[in-house]
Amino acid sequence: MTNYLADIDALAAAVPDGALLALPPEYSFVPMALVRAIIRRQVRDLHVLTVPINGLACDMLIGAGCVKTVECAAVSLGESGPAPRFSAAVESGSVAIIDSTCPAIHTALQATEKGVPFMPLGGIIGSDILNYRDDWKVVDDPLGQGHGRIVLIPAISPDVAIIHSPLADRDGNVWIGRRRELATIAHAAKTLLVTVEKIQDESLLASEATAAATLPGFYVTAITEARMGAKPLGLVEHYPADHDAIAAYASAARSDEGFQAWLQREVFTAREAAE
Amino acid sequence: MTNYLADIDALAAAVPDGALLALPPEYSFVPMALVRAIIRRQVRDLHVLTVPINGLACDMLIGAGCVKTVECAAVSLGESGPAPRFSAAVESGSVAIIDSTCPAIHTALQATEKGVPFMPLGGIIGSDILNYRDDWKVVDDPLGQGHGRIVLIPAISPDVAIIHSPLADRDGNVWIGRRRELATIAHAAKTLLVTVEKIQDESLLASEATAAATLPGFYVTAITEARMGAKPLGLVEHYPADHDAIAAYASAARSDEGFQAWLQREVFTAREAAE
Amino acid sequence: MSYSRDEFLITAIARLLETDDVRHVAVGAASPIPGAAALLARKINGGTPRVSLIHGKATNPFCDGGREIFDAAGQGRIDVFFLGGVQIDGEANLNLVGTGTYPKVDKRFSGSFGSAFMYFTVPKVILFRPEHSRRVFVPKVDFISAPGVSDADVHRPGGPKYLVTELCVMAFDKDRRRFRLISVTPGRTLEEVLDNTGFKFDIPETVGVTPEPEADRLALLRSSVGLEVADTYPAFARDVLGVELAA
Amino acid sequence: MSYSRDEFLITAIARLLETDDVRHVAVGAASPIPGAAALLARKINGGTPRVSLIHGKATNPFCDGGREIFDAAGQGRIDVFFLGGVQIDGEANLNLVGTGTYPKVDKRFSGSFGSAFMYFTVPKVILFRPEHSRRVFVPKVDFISAPGVSDADVHRPGGPKYLVTELCVMAFDKDRRRFRLISVTPGRTLEEVLDNTGFKFDIPETVGVTPEPEADRLALLRSSVGLEVADTYPAFARDVLGVELAA
């Protein structure tokens, strides 16, 4: 059964050092308040998987020293430009980088969703990405129907996945709307931690209309309320991204000193105010 | 762009003899009015794929002589018992039977959805189903990680898939609710024919809540309105199944004579009244 | 307190669900007796196991289409599932396809449904077949929809654990590839079980008697649990449990 | 009629979309110029091609999560997609990862995104990189995110068709594995293109001039199409097209 926790630090406590942590993409329900709580816990040695890309959350975790390895199709602040702590860490070699491509990350999670050890994926052959993926395997069409060579992507099962949603009910059901990658992440993850704007009494399964937008509770490990929990990123139909705040981060984080000062101010000092 | 057709016979005209026709399961938006129109057209030599099971529609198509091959995990009238025309046709050998199992049919459509020639699936090994599927292949774990043997299911791409939905808009978007197998069928099919209770002016993509329940128009070949188009089966939150009518079918269809009389009365004669 | 055969079967199955390893019970279409048993067990244990009835209303949690119950089983998120069979043999092979020589069988049934997958993935599959006869319980099934046991090189976390019929409860021993009789229905005998079973099975020195339905559980079935059953199986709840939902 | 560089690029791209084989154009995140070009082409052609802007509002049709655009491309349902690169070489190899020696590159960029798949599956990929310099157009990319051409035993219905920069439009010849210059931007010269391109490419006897934006298309861009652009790219529509949505 889903646990309903009193505060976000209790949720952050469920992320152990060294965990394979899955992060959703920038436009898709990123639990920034929870990410800040994880940073305050000073979690270490995370293997961060971006599904399939990420930006601010991943960059902050790297800058804060929580990350040992990043597996991604891309890390970017979008309109605010490159992700400065990510770039610096890869250039210096202070984090290990495992480059992937968007559909390969989706595919690896689909394999776990389906309970199979691998799934095939088209394309990729001839990309240098493949040369650095000893875990991926190229095989000749095993059905011998002249399809040619194809890449097999091994299943990935995140230890922990984290999302922020507008709404949950009291049975652990969580509203995900049309962001179905969150369903795949949830199906593939061993532990799913969810923050929500609001917990309502009425079941999200009470009507077909809301059920269609719902992740069932039996995938959800724990939930806590976190108002404005995606800020400074946006939450569709609830609040827009705060582009000024993201731009301010992008400029502060150009240097490690600038980032550390920003972190102290925005994550540690501002904690009580913010969360 | 999606075509909006004036009547259901124009939709039925898009189902050619010999087509690989995908049918959704009994509880999931079965377009019975369209099935009756297909029977009136006297389409022949269909390869019917049930996704993954079906009942009344498949049994009627078989009894009406439209079907050459049935590929299914099961064909059953549920509470009304076995599917009589299906059973008789398999026992007499008048239709070819390709037995499958539910997740294998889902998997074959997912492979087409993903644009890959096959997908792996657990289980199955040791089932006699496998002995009659020359198209399925058992391989040793190609990643060599000790998973053991696994079955590879080749992709299936239906020539035509047909569904009935409560609602569409004018951009070809169709409401499917939580019946996401309909999305997979649509993604995998070359042609998708849709009947709906109602066509509305407002876009189903106008809000995240309805978008979460929507199949995008670029998968939809043609749409026409068919009020009560799933009857005598039910349409969730719109009308219940007419169990008396289904039971009457089950008893009439016990014999071919009984079925033919039922067909004349309910499908041919009743045409004007019904559709 | 008098009870019907179906009420007896419901309580017999419910007892098999009241163990700590059972956190999530899934029930397929048109299975009111297993469904009622799961809902009864949930009530007795104060909320666990989670009960998912496909085609249920309030009790159907699946939102990812027909694939989801199989995916969830493949993920190890379903602990108990129920299967039956036109024929079941002594190695727990199931036949849901037909009798006679495949493919042009003498009598064709619906088909294998998801059995060829769920039987491999769900750790505790309960075989449920009220009719206990040599027609059903055969030496060897005519067609294996799903095999009872697998070779070591086949990934198989799941398989058969129990068989419940109107005559008895048996357990399946994977290593011996045989059923073992646990208990016989009150008023029935070991001889009846032997006479009506076409395959060999192990018989312990002392064969127990399956407990009769406890009064408190019958009361629950005929009241609060009955109402939950009626949400998905209204006809069954009315006819068997005497419970009707307010219109 | 005067126009900006971005307006010129929008109309140059739109011309490449006005052919019958283009039924569905998909545009990735933060690509306002290709997005505007697709919306302009749709307006001019009276509704075709269908335009799907991921992260668009009214123009985002995807309802199956982040996977869907890749699945749809794999199904052959997307005819045109746009890709760029930190580096692009003469065989149309794309580098979106970084410059220097991988993995500890000198300068790290975001990553390959979906390029290693979309480049293989979309029949008409248009490479778009406004900056035309030897920094970008190199003899050989430092890292191949996605290769321009593939061996015969790799299933590849898709690949590069055109390259659009501020200086010129080139076509890619898959069999010759080379770009061919088509036309040069008005006021710029072949010499400029040669001076700023680090790889060899074919030059036809007569090099055309890329047409200037047609007055009617500029008018559409600055009015009705501009409003559609503003729905997804408000800042771009305001700054480049001078169009703002009513608040």
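Note on naming: letters A, B, ... go to the chains in the order of the sequence lines (proteins, then strands), and numbering restarts at 1 for each one. What you are looking at is a predicted structure, and each value in this text was computed from that prediction instead of being measured.
For the atom pair SG of C:C63 and CG of A:N173, the computed distance is 7.0 Å after rounding to the nearest 0.5 Å. With rounding to the nearest 0.5 Å, the separation of CD in C:E68 from NE2 in A:H187 is 4.5 Å. Between A:F218 atom CZ and C:Q75 atom CD the span is 7.5 Å, to the nearest 0.5 Å.
The local environment of NZ in C:K140 is crowded, with over 12 non-hydrogen atoms from other residues, nucleotides or ligands closer than 6.0 Å. Within a 6.0 Å radius of CD in A:E202, no more than 12 heavy atoms belonging to other residues, nucleotides or ligands are found. More than 12 heavy atoms of other shown residues, nucleotides or ligands fall within 6.0 angstrom of atom CG in C:D216. By the neighbour-count criterion of 12 heavy atoms within 6.0 Å, atom NZ of C:K161 is densely surrounded, having more than that number from other residues, nucleotides or ligands. Around NZ of C:K104, the count of heavy atoms belonging to other residues, nucleotides or ligands within 6.0 Å does not exceed 12.
Scored by the ring pair (Phe, Tyr, Trp, His ring centres under 6.0 Å) test, C:F143 finds C:Y102 as partners (sequence neighbours excluded).
Taking non-hydrogen atoms and a 4.5 Å limit, the residue list of residues 99-109 of chain A in contact with chain C is empty. Scanning residues 110-122 of chain A against chain C with a 4.5 Å heavy-atom cutoff picks out A:T112, A:E113, A:K114, A:G115, ordered by number. For a heavy-atom cut-off of 4.5 Å, chain C lies close to no residue in residues 147-169 of chain A.
The two residues A:L205 and C:N60 make their nearest non-hydrogen contact at CD1-O, 4.0 Å.
For A:D171, the part lying under 4.5 angstrom from a heavy atom of chain C is the backbone only.
Side-chain N or O atoms of A:R180 include none that pairs as donor or acceptor with a backbone N or O of C:D64 at under 3.5 Å.
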